[in-house]
Enquirer: 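Quick one: this structure, given as structure tokens, is what I'll be asking you about.
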Amino acid sequence: MKEIISNSTFFGVMICIISYEIGLIIKRKWKKSFLNPLLISIVIVILILLAFHVDYDKFNEGAKYLSYLLTPATVCLAIPLYEQIALLKSNWKGIVAGISAGVLTSMVCVLGMSMLFQLSHEEYVTLLPKSITTAIGMGISEEMGGIVTITVAVIIVTGVLGNVIAELVCKLFRITDPIAKGIGIGTAAHAVGTSKALEMGEIEGAMSSLAVAVAGLMTVIAASIFAQFL
């Protein structure tokens with residue numbers, strides 16, 4: 001197996017796709033929120049690499065081609081947003097305020113935790129893009145001198161966690177408005193959270209898609225400012 005992965009250009013892609021399909025099957029069968037397909041696929045891939053002693057760099061030589069799909073996949077989130085454009089126009093003030101509050105909260109929390117745990121500047125800027133989509137977050141982290149691989153890991157963890165607890169948080173705080181749900185999920189948990197918002201409803205999905213894009217742009221500006229604070 002180790003030789004096959006090392007010598008095959010696309011074997012890493014195949015492992016990722018098959019692992020994700022297994023995650024989807026498990027999710028459909030048991031329908032539990034913690035059985036997130038992305039989380040399951042990550043665990044399966046890690047177990048395969050450990051079991052067959054495959055070096056990550058060798059695996060990533062093939063798997064890296066999947067990352068090329070991140071940008072077009074993010075752009076595709078504009079489709080549900082376009083379908084709800086009238087709703088966006090009539091509620092734009094509340095939407096902008098909600099996304100702005102979410103981005104600011106994310107920045108302040110990272111700053112506070114970094115000061116509490118005495119993180120270095122490099123570690124601090126690595127965490128700043130934690131709540132935006134990977135396609136944007138990787139660029140921000142690299143530009144500010146962060147550790148890109150850790151940024152990707154943190155973004156994935158944030159998205160999966162947001163996907164898993166989104167419905168619970170909405171029930172706990174009695175958030176019933178679909179626009180508020182979508183904005184909150186998209187701002188906090190980017191594209192992975194948006195997949196949960198789309199399951200909750202068309203409006204939630206559209207607003208979450210908007211939040212992913214707008215929060216990403218706001219974070220580019222906010223991160224460059226907050227990077228000076230530590």
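Throughout, residue positions are numbered sequentially from 1 according to the sequence presented.
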Enquirer: Applying the 4.5 Å side-chain criterion to the ILVMFWY set and letting contacts propagate, would Ile18 and Val43 be lumped into a single cluster?
Expert: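 Shared cluster, no.
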Enquirer: For the residue pair Val220 and Ile136, establish whether any side-chain heavy-atom pair is separated by less than 4.5 Å.
Expert: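 Yes - at least one pair of side-chain heavy atoms lies under 4.5 Å apart.
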Enquirer: Just verifying a value: how many Å separate Ser224 OG and Leu128 CG, rounded to the nearest 0.5 Å?
Expert: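 With rounding to 0.5 Å, OG (Ser224) is 10.0 Å from CG (Leu128).
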Enquirer: How long is the span from the CD1 atom in Ile132 to the OG1 atom in Thr158, to the nearest 0.5 Å?
Expert: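 Spacing of CD1 (Ile132) from OG1 (Thr158) equals 10.5 Å.
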Enquirer: When you measure from the side chain of Asn36 to the backbone of Leu39, do you find a donor-acceptor pair of N or O atoms at a distance under 3.5 Å?
Expert: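 Yes, Asn36 side chain to Leu39 backbone: donor-acceptor pair under 3.5 Å.
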Enquirer: Once rounded to the nearest 0.5 Å, what's the spacing between atom NZ of Lys29 and atom CG of Leu35?
Expert: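 Rounded to the nearest 0.5 Å, the NZ-CG separation comes to 11.5 Å.
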Enquirer: Could you go through Phe11 and Cys16, starting from their C-alpha distance and side-chain angles, then the distance that decides it, and tell me whether this counts as side chain to side chain contact (heavy atoms under 4.5 Å, CB included)?
Expert: CA-CA 9 Å; Phe11 202 82; Cys16 292; over 6 Å; no
Enquirer: Does either side chain, that of Ser19 or that of Ser41, offer a donor lying less than 3.5 Å from an acceptor on the other one?
Expert: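 There is no such pair (donor and acceptor under 3.5 Å, judged by atom type) between the side chains of Ser19 and Ser41.
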Enquirer: So, do Phe59 and Ile48 sit near enough that their side-chain heavy atoms are less than 4.5 Å apart?
Expert: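 With C-beta onward as the side chain, the pair stays apart.
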Enquirer: Determine whether a donor-acceptor pair (N or O, by modelled atom type, separation under 3.5 Å) exists between the side chain of Ser195 and the backbone of Val192.
Expert: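 The answer is yes, because a donor-acceptor pair under 3.5 Å joins these two groups.
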Enquirer: Does the side chain of Glu204 come within less than 4.5 Å of Leu198's, by heavy atoms?
Expert: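 Contact flag for Leu198/Glu204 side chains = no.
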Enquirer: Rounded to the nearest 0.5 Å, what's the gap from OG1 on Thr187 to CD1 on Ile95? Could you check?
Expert: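 Rounded to the nearest 0.5 Å, the OG1-CD1 separation comes out at 10.0 Å.
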Enquirer: What distance do Leu127 atom CG and Glu122 atom CD have between them, rounded to the nearest 0.5 Å?
Expert: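 Here the rounded value is 11.0 Å.
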Enquirer: Can a donor-acceptor pair be found, under 3.5 Å and without considering hydrogens, that links the side chain of Thr151 to the backbone of Ile147?
Expert: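 A pair under 3.5 Å: yes.
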Enquirer: Does Glu199, at its CD atom, have more than 12 non-hydrogen atoms belonging to other residues, nucleotides or ligands within less than 6.0 Å?
Expert: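 Check passes, neighbour count above 12.
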Enquirer: Give a yes or no on whether Leu87 and Leu210 share a hydrophobic cluster (residues Ile, Leu, Val, Met, Phe, Trp, Tyr; joining criterion: side-chain heavy atoms under 4.5 Å apart).
Expert: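 Same cluster: Leu87 reaches Leu210 through Ile, Leu, Val, Met, Phe, Trp or Tyr contacts under 4.5 Å.
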Enquirer: Spell out, as yes or no, whether a donor-acceptor pair under 3.5 Å connects the side chain of His190 to the backbone of Val212.
Expert: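 Judged by distance alone, no pair lies under 3.5 Å.
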Enquirer: Checking the side chain of Asn163 only, and the main-chain atoms of Gly159 only, is there a donor and an acceptor separated by less than 3.5 Å?
Expert: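 The answer is no, because no donor-acceptor pair under 3.5 Å joins these two groups.
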Enquirer: Using modelled atom types only, decide if a donor and an acceptor are shared between the side chain of Tyr124 and the backbone of Phe226 within a distance under 3.5 Å.
Expert: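 Confirmed, Tyr124 side chain pairs with Phe226 backbone.
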Enquirer: Determine whether more than 12 heavy atoms belonging to other residues, nucleotides or ligands lie under 6.0 Å from atom CD of Glu142.
Expert: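 Open: at most 12 neighbouring heavy atoms sit under 6.0 Å from CD of Glu142.
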Enquirer: Look at the side chain of Lys27 and the backbone N and O of Lys32, then say whether any donor-acceptor pair between them is shorter than 3.5 Å.
Expert: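 Looks like yes, one N/O pair under 3.5 Å.
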Enquirer: Calculate, to the nearest 0.5 Å, the distance between atoms CD1 and OH belonging to Ile44 and Tyr20 respectively.
Expert: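 It comes to 12.0 Å.
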Enquirer: Could you go step by step and tell me if Ser141 and Met138 meet the side chain to side chain contact (heavy atoms under 4.5 Å, CB included) rule?
Expert: CA-CA 5 Å; Ser141 179; Met138 290 173 63; 6.0 Å; no
Enquirer: Say whether Ile155 and Ile46 are linked into one hydrophobic cluster, either directly or through other cluster members, by side-chain heavy-atom distances under 4.5 angstrom.
Expert: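 Result: no, two separate clusters.
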Enquirer: Could you pull out the closest heavy-atom pair between Val154 and Lys130, with the gap in Å?
Expert: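 The pair with the smallest heavy-atom distance is CG1-CB, 3.5 Å.
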Enquirer: Closest approach of Ala211 and Gly182, non-hydrogen atoms and distance?
Expert: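 For Ala211 and Gly182, the tightest heavy-atom pair comes out as CB-O, 4.4 Å.
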Enquirer: Are Ile183 and Leu168 linked, directly or through intermediate hydrophobic residues, by side-chain heavy-atom contacts shorter than 4.5 Å (ILVMFWY only)?
Expert: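 Different clusters.
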Enquirer: Any idea which heavy atoms bring Gly162 and Ala189 closest together, and the distance?
Expert: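 Closest approach of Gly162 to Ala189: CA-CB, 3.8 Å.
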Enquirer: Show, in sequence, the C-alpha distance, side-chain angles and deciding distance for Thr219 and Met107, and conclude whether the side chain to side chain contact (heavy atoms under 4.5 Å, CB included) test is met.
Expert: CA-CA 8 Å; Thr219 301; Met107 296 289 108; 3.8 Å; yes
Enquirer: If you apply the rule side chain to side chain contact (heavy atoms under 4.5 Å, CB included), what do you find for Thr194 with Ile185, and how did you get there?
Expert: CA-CA 7 Å; Thr194 299; Ile185 294 172; 5.7 Å; no
Enquirer: Shortest non-hydrogen contact from Lys196 to Ala166?
Expert: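 Closest heavy-atom pair between Lys196 and Ala166: CG-CB, 3.9 Å.
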Enquirer: Assigning hydrophobic clusters by single linkage (Ile, Leu, Val, Met, Phe, Trp, Tyr; side-chain heavy-atom cutoff under 4.5 Å), is Ile26 placed with Ile15?
Expert: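 Linked, Ile26 and Ile15 end up in one cluster.
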Enquirer: Would you check, one step at a time, whether the test side-chain hydrogen bond (donor to acceptor under 3.5 Å, both in side chains) holds for Glu123 with Thr126?
Expert: CA-CA 5 Å; Glu123 294 166 335; Thr126 296; over 6 Å; no
Enquirer: Nearest heavy-atom pair of Met144 and Ala223: which atoms, and what distance?
Expert: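 Nearest heavy atoms, Met144 then Ala223: SD-O, 3.6 Å.
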Enquirer: Taking all heavy atoms of Val103 and all of Ala222, pick out the closest pair and write down the distance.
Expert: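 Distance-wise, the nearest heavy atoms are CG1-CB, 4.1 Å.
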